[in-house]
Protein chains: 2
Amino acid sequence: MKNAISILRRYDIQPTPQRIAVVEYVLKSKTHPSADDVLSHARKKCPTVSRATVYNTLNLLVEKGLLGMQTIKEGAVIFDSNIKKHHHFVDSDTGDIYDIPWDQLEVKGREKLKDFEVFEFQVIMRGRRKKK
Amino acid sequence: MKNAISILRRYDIQPTPQRIAVVEYVLKSKTHPSADDVLSHARKKCPTVSRATVYNTLNLLVEKGLLGMQTIKEGAVIFDSNIKKHHHFVDSDTGDIYDIPWDQLEVKGREKLKDFEVFEFQVIMRGRRKKK
DNA sequence: ATATTTATTTAGACAATGTCAAGACTAAAT
DNA sequence: ATTTAGTCTTGACATTGTCTAAATAAATAT
Ligand SMILES: [Mn+2]
Ligand SMILES: [Mn+2]
Ligand SMILES: [Zn+2]
Ligand SMILES: [Zn+2]
């Protein structure tokens, strides 16, 4: 991930210590963290940051298109630093979410859905990750 | 949907007025209701039913395999009377969820995922439903 | 530099979702 | 009638997420 300050400036967001702490964690994370995960990690760099600011910043990043948001697991939304189109695999044992590259799967038959105009889609898989 | 009492008996669940009210609504619903939706509808038939009992019953039905549960929209889990494999389409404007028959789509390439053992999968699409 | 205005953060209130435990209620079983 | 097991209700509780008012910080103007 590039410099957090320059990323924020590029998207016309004033870089503050709080926002920098949020961005530095969430945009480099590959674990699809929840807002609460982001809060606790951001507090390591900026111990005073509040819950409201973390939510405000995450929502702002999503609005600006810097960050993805997914509703894959119950209980809390998760945030996704990978903003390219991709699919997801959820480990049923651990709850961990893995990215599946877009071109690994092909979904055929969408043109047959006469009643629906599809803006976006993804495959969500659940199972067990094989040990390496 | 068949008789609620006989369904409950078949799955070794004692039929009570509360459970019957829940089952009669949730197993015939095609709208993917939330627990709160189920509660308010069940109270029409059984005005005294409590929130805890609705949650207990829904969780029991899911455990027994009579009812599906999905985490498709944020804020609350939704319950699915359709327990056959199928995909989902979410209307971005209304939030309505529609079932897409399993054989309308084909997902190819799962065998290439060497690191993952896939137990189940579905395609989730978002967009706008065309007016009829 | 000081004053003014604007942007941001914080703390806490609030609503909604979901789980849990204690006691009340019901229906068998003894 | 008593015990027992199963079920239900109430309310407490934790968590997620939003919102508002007050405090702070930053930018601008004088
Ligand atoms: Mn997490
Ligand atoms: Mn609903
Ligand atoms: Zn992802
Ligand atoms: Zn469905």
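First the proteins, then the strands, lettered A, B, ... as listed; each starts at 1.
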Whole Å only: how far is the [atom1] atom of [X] from the [atom2] atom of [N]?
{"X": "B/Y55", "N": "C/dC20", "atom1": "OH", "atom2": "P", "value": "13 Å"}
{"X": "B/D12", "N": "D/dA5", "atom1": "CG", "atom2": "C1'", "value": "16 Å"}
{"X": "A/D36", "N": "D/dA14", "atom1": "CG", "atom2": "C1'", "value": "12 Å"}
{"X": "B/L39", "N": "C/dA16", "atom1": "CG", "atom2": "C1'", "value": "13 Å"}
{"X": "A/L60", "N": "D/dC19", "atom1": "CG", "atom2": "P", "value": "15 Å"}

Residue whose nearest DNA chain C nucleotide is more 5′ - A/T57 or B/V77: A/T57
Need one value for [X]: base, sugar-phosphate or nothing, where a base atom within 4.0 Å counts as base even if backbone is also close, heavy atoms only.
{"X": "A/R51", "result": "base"}
{"X": "A/A52", "result": "base"}
{"X": "A/S34", "result": "nothing"}
{"X": "B/N56", "result": "nothing"}
{"X": "B/T16", "result": "sugar-phosphate"}

Select one nucleotide: of D/dC8, D/dT7, C/dA11, the one nearest the side-chain heavy atoms of B/Q14. D/dT7
In terms of side-chain geometry, is the basic nitrogen of A/R128 or A/D93 positioned less than 4.0 Å from the acidic oxygen of its partner? yes
Side chains of B/D99 and B/H32, donor plus acceptor under 3.5 Å: yes
Check this for me: B/K130, atom NZ, are more than 12 non-hydrogen atoms of other residues, nucleotides or ligands nearer than 6.0 Å? yes
Audit row: A/S34, A/D37, side-chain hydrogen bond (donor to acceptor under 3.5 Å, both in side chains) steps and yes/no: CA-CA 5 Å; A/S34 67; A/D37 293 333; 3.1 Å; yes
